[in-house]
Amino acid sequence: MLSYDYKNALNIGEISFEDINKVDFANAYSKLMEKLDNGAVGFRDVIYNENLDKYKFLNGYKNVVVVGMGGSILGTMAIYYAISAFKNNAYFIDNSDPEKTLSILKKVDLNESIIYIISKSGNTLETLVNYYLIKKRIEKLNSFEGKIVFITNGGKLKREAEKNNYEILSIPENVPGRFSVFTAVGLAPLCSLGIDISKILKGAREMDKICQNEDILKNPALLNGVIHYLYDKKGKDISVVMSYIESLKCFGEWYIQLIGESLGKEGNGLTPLLSIGAKDQHSLLQLYMDGKKDKIITFITTKNYRLDEEIVFDDLNDEEISCMLSDIIKCEQEATEIALTNNGVPNVKITLDEINEMTMGALLYMYEMQVGFMGELYNVNSYNQPAVEEEKKICWELIKKCGNYGNK
Ligand SMILES: O=P(O)(O)OC[C@H]1O[C@H](O)[C@H](O)[C@@H](O)[C@@H]1O
């Protein structure tokens with residue numbers, strides 16, 4: 001399903017098994033397991049407890065519109081675009097950019113749509129405003145033939161849903177937003193999008209069994225967490241995920257929030273970046289090879305590409321080469337891995353059998369566990385984001401000063 005290769009994190013000689021064993025990862029392991037066992041944190045429970053029957057009524061709509069921010073939408077996009085990147089019945093409204101939102105609302109027929117308004121707090125400005133844009137359009141229709149489902153636990157949006165008798169699905173309170181893809185937040189829209197959510201959860205459960213292993217060399221989440229922690233302490237605090245599968249672009253956005261927002265506390269944290277191979281070999285490889293040595297690269301590759309074709313072409317010496325198209329990108333990834341290793345740039349590799357529901361469930365769950373472990377290593381709370389609140393207060397004050405806000 002998924003394999004993890006860490007040899008090039010050790011080959012370059014900056015860290016050793018001895019360094020790994022000096023890290024008190026046993027303590028990090030037991031602290032995370034305690035939180036998961038006593039229900040303080042619920043992102044493991046949900047992959048076992050979700051009753052999928054409640055999502056069956058969500059199918060049969062031509063379009064699926066998802067409105068949300070951060071953890072309320074990025075996991076869904078990560079899985080949808082990985083598995084169904086070539087379909088176009090999904091519309092994700094995940095920003096306050098008028099050009100993006102209004103161009104989507106101009107082209108989607110809301111009468112043929114199931115519309116998800118997703119916000120755990122129910123108070124997120126962008127989701128609230130985007131909901132009002134949809135509400136305004138629905139009120140102009142003679143009759144609304146589509147469906148609106150709110151996925152929220154409270155706040156203004158829950159009050160709005162109750163007032164209008166919309167369907168409401170809730171999110172377990174002990175599952176933080178950026179860990180909520182395996183709750184209704186991801187499962188409901190993914191079910192509407194025709195994704196087999198039972199296989200998503202099956203993949204996550206298989207990865208959970210692997211991540212329950214106290215033997216660090218058999219626990220990719222724990223080992224990858226310790227390797228990134230050790231390299232951070234050596235000044236390599238930029239974590240680049242370089243995916244040689246372009247349909248993982250949105251997974252990259254999910255990864256960036258998960259790592260950045262979970263660990264960026266009290267002066268700690270990694271700077272997560274996404275690179276897409278092979279194209280970024282022509283834009284960022286120069287920096288990775290010969291710029292500041294402050295990065296660790298995680299390659300994500302696949303054994304099988306879902307589309308492939310034999311290609312016959314002449315090389316630069318006019319000699320004929322015959323291979324599969326996938327051989328080209330696989331050679332490019334391997335060459336980049338060798339070049340970076342030769343240049344002393346630490347790198348690890350995750351190889352998926354192929355992109356499907358199970359491997360995506362496993363990949364996202366592995367990183368949820370990794371971030372859980374890393375929070376214990378840094379001794380920070382992986383599950384809150386207090387520093388984002390200041391901007392929100394300032395923003396609401398600024399909004400009140402513009403437009404004919406209430407009783408100005
Ligand atoms: O789900 P919501 O309550 O709307 O929150 C959406 C997002 O916004 C918050 O500000 C946090 O930064 C994120 O962790 C969260 O995922």
Side-chain angles (χ1 to χ4, degrees), residues 41-43 46 65-80 92-97 100-101 115-135 148-162 166-190 250-266 268-272 364-365 367-368 370-372 374-375 380-399:
V41 176
F43 70 78
V46 294
V65 178
V66 185
V67 181
M69 295 299 288
S72 283
I73 195 166
L74 290 177
T76 306
M77 292 173 73
I79 292 175
Y80 172 72
F92 294 97
I93 302 178
D94 66 336
N95 203 352
S96 46
D97 177 339
K100 174 175 185 174
T101 302
I115 302 160
Y116 288 97
I117 308 295
I118 307 177
S119 174
K120 185 176 180 186
S121 65
N123 292 326
T124 296
L125 167 65
E126 299 91 340
T127 308
L128 186 64
V129 168
N130 289 329
Y131 159 68
Y132 271 93
L133 288 169
I134 288 172
K135 179 182 180 184
I148 291 193
V149 177
F150 279 68
I151 303 178
T152 184
N153 282 3
K156 168 69 180 169
L157 283 167
K158 184 161 186 182
R159 295 199 301 274
E160 187 67 20
E162 288 165 340
Y166 288 132
E167 301 273 351
I168 302 174
L169 296 174
S170 63
I171 307 152
E173 267 306 328
N174 63 352
V175 179
R178 55 188 172 273
F179 290 79
S180 64
V181 65
F182 299 116
T183 71
V185 168
L187 298 178
L190 287 169
C250 285
F251 162 78
E253 288 189 57
W254 176 86
Y255 171 81
I256 286 167
Q257 181 198 13
L258 185 73
I259 292 280
E261 196 166 59
S262 300
L263 304 176
K265 288 151 189 170
E266 299 158 34
N268 292 293
L270 300 177
T271 300
L364 272 72
Y365 188 77
Y367 273 109
E368 288 186 354
Q370 176 183 319
V371 166
M374 293 185 82
V380 297
N381 178 342
S382 291
Y383 313 109
N384 64 4
Q385 54 282 335
V388 307
E389 297 311 316
E390 182 178 351
E391 174 275 330
K392 295 178 182 178
K393 290 192 187 82
I394 297 166
C395 184
W396 277 110
E397 288 311 312
L398 293 173
I399 289 174

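Numbers here are sequence positions counted from 1. Below, all heavy atoms of this structure are taken into account, side chains as well, without hydrogens, waters or symmetry copies. Remember, it's 1-based here, ligands and their atoms both numbered in the order they're listed. Here the structure is a predicted model, which is why all the values come from computation and not from measurement.
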Please check: side-chain N/O of Gln257 versus main-chain N/O of Gly71, any donor-acceptor pairing under 3.5 Å? yes
Do Thr124 and ligand 1 have an N or O pair less than 3.5 Å apart? yes
May I ask you to check whether Gly71 has an N/O atom sitting below 3.5 Å from an N/O atom of ligand 1? yes
Taking the side chain as every heavy atom from C-beta outward, state whether Glu173 and Asn153 have any atom pair closer than 4.5 Å. yes
Should Glu368 and Arg178 count as side-chain neighbours, where that means a heavy-atom distance under 4.5 Å? no
Does atom CD of Glu389 have more than 12 heavy-atom neighbours from other groups under 6.0 Å away? yes
Could you tell me whether Lys120 approaches ligand 1 through its side chain, its backbone, both or neither, with non-hydrogen atoms closer than 4.0 Å? both
When the ring planes of Phe150 and Tyr166 are compared, do they come out parallel, tilted or perpendicular, using 30° and 60° as the limits? parallel
Anything under 30° is parallel, anything over 60° is perpendicular, the rest tilted; go ahead and classify Tyr367 against Phe251. tilted
Numbered atoms of ligand 1 (with element) below 4.0 Å of [X], judged on heavy atoms:
X	value
Arg178	14 (O)
Ser72	1 (O), 2 (P)
Lys392	9 (C), 10 (O)

Work out which heavy atom in Ile171 is nearest to a heavy atom in Ser180; give both atom names and the distance. CG2-CB, 4.4 Å
Counting heavy atoms only, name the option from Glu389, Glu261, Glu126 that's nearest to atom 11 (C) of ligand 1. Glu261
Heavy atom of Gln257 under 4.0 Å from ligand 1? yes
Where is the nearest protein heavy atom to atom 6 (C) of ligand 1: which residue, which atom, and how far? Met69 O, 3.4 Å
